[in-house]
Amino acid sequence: MRKNIVAGNWKMNKTLQEGVQLAAEVRKQVEASGALKCEVVLAPPFIHLTEVCKVVAGSGIGVSAQNCAAETSGAYTGEVSAAMIQSIGCAYTLIGHSERRSYYGDTDQILSKKVKMALANGLKPIFCIGEVLAERESGIHFEVVKSQLEKGLFDLTTEEFQNIVLAYEPVWAIGTGKTASSAQAQEIHAFIRRTIELKYGAQVAQNTTILYGGSCNDANAAELFACPDVDGGLIGGASLVAEKFIKIAQAF
Ligand code: 13P
């Protein structure tokens with residue numbers, strides 16, 4: 001069966017010292033809360049990753065980068081490769097977050113290369129998809145996420161696809177305090193799973209973890225996670241406070 005995941009995307013927040021402290025606090029609270037019904041993952045900024053990996057080592061908490069390069073190595077100033085990320089003990093990398101797509105020119109083609117680079121280096125991509133407000137209002141959100149899936153992922157083999165975690169993040173809900181209702185989340189998560197099923201078959205679709213992201217917090221997580229096709233969350237703002245983040249992980 002598929003795995004539940006609650007992942008904290010810290011985005012560009014926290015100094016190294018603050019980040020180490022937050023990771024240590026998350027570890028302490030995860031250990032104090034006994035068996036959780038999800039895997040907890042932290043996605044801090046690149047320069048925190050090595051230290052955060054050390055802080056959570058042996059705890060079962062996973063660590064993720066927020067992005068990775070589309071190229072293997074060489075003259076790509078400012079980039080961080082999938083091999084580098086894997087070499088320090090990360091299991092995951094986010095790929096295709098809407099902020100990368102909209103501010104940094106990460107096109108579907110580039111994202112497809114990044115996914116392959118991550119997989120080739122033993123990282124599990126947490127691949128983000130989701131529509132902007134105008135697309136939802138004009139009713140084309142299903143086509144938008146289908147196109148993002150097809151262009152970013154659907155040239156993978158079945159074996160490769162089994163290492164993908166998906167995160168549906170409606171852009172209009174990110175950092176806005178507006179959350180998709182549980183009915184909206186379930187409707188589109190079921191559509192995403194059905195789209196995967198048509199391409200890779202029912203078993204792969206049933207085993208794919210699909211996270212919800214966008215103003216998910218300790219007050220709304222339980223209702224969202226109760227949806228049959230919502231397998232956890234990708235949490236921004238609420239992941240920056242250990243106590244709130246752990247409450248979300250406890251919401252299953
Ligand atoms: P917020 O939880 O701050 O809305 O951010 C969601 C997000 O973008 C996680 O990747």
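In each ligand, atom 1 is the first atom listed, and ligand 1 is the first ligand listed.
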Self-check item: Distance filter under 4.0 Å to Glu169 heavy atoms, resulting ligand 1 atoms
Solution: 6 (C), 7 (C), 8 (O), 9 (C), 10 (O)
Quiz item: What distance do Lys199 atom NZ and Leu156 atom CG have between them, rounded to the nearest 0.5 Å?
Solution: 9.0 Å
Exercise. Would you mind running through ligand 1 and noting each atom that sits below 4.0 Å from a heavy atom of His97?
Key: 7 (C), 8 (O), 9 (C), 10 (O)
Quiz item: Does ligand 1 have any atom that is closer than 4.0 Å to a heavy atom of Gly175?
Solution: yes
Quiz item: Numbering the atoms of ligand 1 from 1, which are under 4.0 Å from a heavy atom of Ala173?
Solution: 4 (O)
Quiz item: Are there more than 12 heavy atoms of other residues, nucleotides or ligands under 6.0 Å from atom CD of Gln162?
Solution: yes
Exercise. Is it possible for you to check whether Arg194 lies under 6.0 Å from the centre of the six-membered ring of Phe191, through NZ or CZ, and within 45° of that ring's axis?
Key: no
Quiz item: Looking only at protein heavy atoms, which one is nearest to atom 5 (O) of ligand 1, and how far off is it?
Solution: Lys11 NZ, 3.3 Å
Quiz item: Just wondering, more than 12 heavy atoms not from Glu243 lying within 6.0 Å of its CD?
Solution: no
Quiz item: Any donor-acceptor pair under 3.5 Å linking the side chain of Asp218 with the backbone of Lys247?
Solution: no
Practice problem: Check each atom of ligand 1 against the heavy atoms of Asn9 and keep those under 4.0 Å away; list them by number with element. | Solution: 9 (C), 10 (O)
Self-check item: Rounded distance [0.5 Å steps], CD1 in Ile5 versus CD1 in Ile126
Solution: 6.0 Å
Exercise. Any atoms of ligand 1 less than 4.0 Å from a non-hydrogen atom of Gly214? List them with their elements.
Key: 4 (O), 6 (C)
Quiz item: What distance do Cys68 atom SG and Ile95 atom CD1 have between them, rounded to the nearest 0.5 Å?
Solution: 4.5 Å
Quiz item: Where is the nearest protein heavy atom to atom 3 (O) of ligand 1: which residue, which atom, and how far?
Solution: Gly237 N, 2.8 Å
Exercise. Tell me which protein heavy atom sits closest to atom 2 (O) of ligand 1, plus the residue, atom name and distance to 0.1 Å.
Key: Gly236 N, 2.9 Å
